[in-house]
Enquirer: 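So that we are looking at the same thing, I have put the structure below in structure tokens.
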Amino acid sequence: MFKAFKEDIRSYNTIIKVLFVCHGNICRSTMAQSVFSYLIEQSGLEDKFLIDSAATSCEEIGNPPHYGTERKLAEEGIPLISHQAVQMTRRDYLEYDYLIGMDQANIRNMERIAGGDPQDKMYKILEFAEKERDVADPWYTGDFEATFRDVMEGCCGLLRYIIREREIDKREY
């Protein structure tokens, strides 16, 4: 009986954990982490969430957010989360409730890192905006405006989804 109790306690999770993932963790995922954190704060739900971001590659590990991400967020009045690029790990799959990729290649690499997605925790961000397309990587396009629009739309949809799915009543907070 104690073993079952310990399992129940271990699986009880009052904090909703979201990990945003892209290729290098300096443009899109860092932007999404900052935007989603801002939306959570504006909603008064910051005590209910843990938000982070990671890369599927090791190319940018240790680097700060891209200056284009920094500049676009400043234009929009959204604080940039202090961050250095890290790579997603298999353990992240176990620890996070939602792992949000920016494009289909990210999802494939996330599944490779995690050894699959048996708990259906991985999503493309624009799924929450009811769109099938990927968020273009501004590292290649240089278009941080388009990336911001997609990230904002996806993050707003994700927040609505989580509030509905988890039955979060903002009046409680």
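Index from 1, following the sequence. From a predicted model like this one, the values you see are computed outputs, not experimental measurements.
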Enquirer: With sequence neighbours excluded, tell me which residues meet side chain to side chain donor-acceptor pair (under 3.5 Å) with His83.
Expert: Asn25, Ser53
Enquirer: May I ask you to decide if Gln33's main-chain N or O and Tyr38's side chain share a donor-acceptor pair within less than 3.5 Å?
Expert: no
Enquirer: Considering only heavy atoms from C-beta outward, does the side chain of Leu126 approach that of Arg133 to under 4.5 Å?
Expert: yes
Enquirer: Quick check for you: to the nearest 0.5 Å, what is the distance between Asp47 atom CG and Ile15 atom CD1?
Expert: 6.5 Å
Enquirer: Do we get Lys121 above Tyr96's six-membered ring, with its NZ or CZ under 6.0 Å from the centre and within 45° of the axis?
Expert: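 The answer is no, since Lys121 fails at least one limit relative to Tyr96.
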Enquirer: Going only through I, L, V, M, F, W and Y residues with side-chain contacts under 4.5 Å, is there a path from Ile81 to Val151?
Expert: no
Enquirer: Set out, in order, the CA-CA distance, both residues' side-chain angles and the distance that settles side chain to side chain contact (heavy atoms under 4.5 Å, CB included) for Gln84 and Asn63, then state yes or no.
Expert: CA-CA 5 Å; Gln84 289 184 316; Asn63 289 334; over 6 Å; no
Enquirer: Are Ile78 and Met152 packed together at the side-chain level, in the sense that at least one heavy-atom pair is separated by less than 4.5 angstrom?
Expert: yes
Enquirer: Any chance you could lay out the side chain to side chain contact (heavy atoms under 4.5 Å, CB included) test for Ile162 and Leu158, step after step, and finish with the verdict?
Expert: CA-CA 6 Å; Ile162 292 172; Leu158 174 60; 3.7 Å; yes
Enquirer: Checking salt bridge (Lys or Arg N to Asp or Glu O under 4.0 Å) for the pair Glu95/Lys17: CA distance, chi angles, key distance, verdict?
Expert: CA-CA 8 Å; Glu95 293 193 9; Lys17 298 176 185 171; 5.5 Å; no
Enquirer: Does Ile26 share a hydrophobic cluster with Tyr140, counting links as ILVMFWY side-chain heavy atoms below 4.5 Å and allowing steps through other members?
Expert: yes
Enquirer: For Leu99 and Asp117, run side chain to side chain contact (heavy atoms under 4.5 Å, CB included): C-alpha distance rounded to whole Å, both residues' side-chain angles, the deciding distance at 0.1 Å, then the answer.
Expert: CA-CA 10 Å; Leu99 292 93; Asp117 183 17; over 6 Å; no
Enquirer: How many angstroms lie between CD1 in Ile16 and CD1 in Ile51, if you round to the nearest 0.5 Å?
Expert: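 Reported to 0.5 Å precision, the distance equals 9.5 Å.
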Enquirer: Is it true that a side-chain atom of Thr69 and a backbone atom of Met31 form a donor plus acceptor pair closer than 3.5 Å?
Expert: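 Not confirmed, Thr69 side chain does not pair with Met31 backbone.
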Enquirer: Do Ile61 and Val86 have side-chain heavy atoms sitting under 4.5 Å apart?
Expert: no
Enquirer: Identify, with sequence neighbours excluded, every residue that meets salt bridge (Lys or Arg N to Asp or Glu O under 4.0 Å) alongside Lys124.
Expert: Asp134
Enquirer: A side-chain contact here means heavy atoms from C-beta on lying under 4.5 Å apart; do Leu159 and Ser43 qualify?
Expert: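 They are in side-chain contact.
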Enquirer: Stepwise, does the side chain to side chain contact (heavy atoms under 4.5 Å, CB included) test hold for Met110 with Tyr93?
Expert: CA-CA 9 Å; Met110 291 161 63; Tyr93 186 82; over 6 Å; no
Enquirer: For the backbone of Thr89 and the side chain of Asp92, can you confirm whether one donor and one acceptor N or O come within less than 3.5 Å of each other?
Expert: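 Looks like yes, one N/O pair under 3.5 Å.
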Enquirer: Please list all pairs meeting ring pair (Phe, Tyr, Trp, His ring centres under 6.0 Å) that have one or both residues in residues 60-80, counting only residues at least two apart or in different chains.
Expert: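 Matches after skipping sequence neighbours: His66-Trp139, His66-Phe144.
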Enquirer: With sequence neighbours excluded, what pairs up with Phe148 under the ring-ring contact (aromatic ring centres under 6.0 Å, His included) test?
Expert: none
Enquirer: List for me each residue that meets ring-ring contact (aromatic ring centres under 6.0 Å, His included) alongside Tyr98, sequence neighbours excluded, and say none if there are none.
Expert: none
Enquirer: Can you name the nearest heavy-atom pair linking Pro79 to Ser34, along with the distance?
Expert: O-CB, 3.5 Å
Enquirer: Mind checking the CZ-CD spacing from Arg71 to Glu145? Nearest 0.5 Å is all I need.
Expert: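 Going from CZ on Arg71 over to CD on Glu145, the span is 11.0 Å.
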Enquirer: Is there side-chain contact between Phe20 and Asp52, with heavy atoms separated by less than 4.5 Å?
Expert: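 No - every pair of side-chain heavy atoms lies 4.5 Å or more apart.
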Enquirer: So which atom in Ile125 and which in Ala32 form the shortest heavy-atom distance, rounded to 0.1 Å?
Expert: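 In this case the closest contact between Ile125 and Ala32 is CD1-CB, 4.3 Å.
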Enquirer: Does a side chain donor of either Tyr161 or Glu165 reach within less than 3.5 Å of an acceptor in the other side chain?
Expert: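 The criterion, which ignores hydrogens and geometry beyond distance, is satisfied for Glu165 and Tyr161.
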Enquirer: According to the side chain to side chain donor-acceptor pair (under 3.5 Å) rule, which pairs have a member within residues 104-114, sequence neighbours left out?
Expert: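 Of all non-adjacent pairs touching residues 104-114, those that pass side chain to side chain donor-acceptor pair (under 3.5 Å) are Asp103-Asn106.
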Enquirer: Identify the two heavy atoms, one from Phe36 and one from Val18, that lie closest to each other, and give their separation to 0.1 Å.
Expert: CE2-CG2, 4.1 Å
Enquirer: At their closest point, which heavy atom of Met122 faces which heavy atom of Gly116, and how far apart are they?
Expert: CE-O, 3.7 Å
Enquirer: Counting C-beta onward and ignoring hydrogens, is there a side-chain heavy-atom pair between Cys22 and Thr56 closer than 4.5 Å?
Expert: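 They are not in contact (no side-chain heavy atoms under 4.5 Å apart), so the answer is no.
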Enquirer: Under the side-chain hydrogen bond (donor to acceptor under 3.5 Å, both in side chains) criterion, do Glu60 and His23 qualify, and how do the steps go?
Expert: CA-CA 9 Å; Glu60 298 288 346; His23 181 77; over 6 Å; no
Enquirer: What heavy-atom pair brings Glu153 and Ala129 nearest, and what distance separates the two atoms?
Expert: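 Heavy atoms of Glu153 and Ala129 come nearest at CG-CB, 3.6 Å.
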Enquirer: For Asp143 and Ala146, which heavy atoms make the closest approach, and how far apart are they?
Expert: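 Smallest heavy-atom distance, with atoms named: OD1-N, 3.0 Å.
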Enquirer: Taking C-beta and beyond as the side chain, do Ile100 and Leu19 meet within less than 4.5 Å on heavy atoms?
Expert: no
Enquirer: Are any of the side-chain heavy atoms of Leu80 and Thr30 separated by less than 4.5 Å?
Expert: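 The answer is yes; the side chains approach within 4.5 Å.
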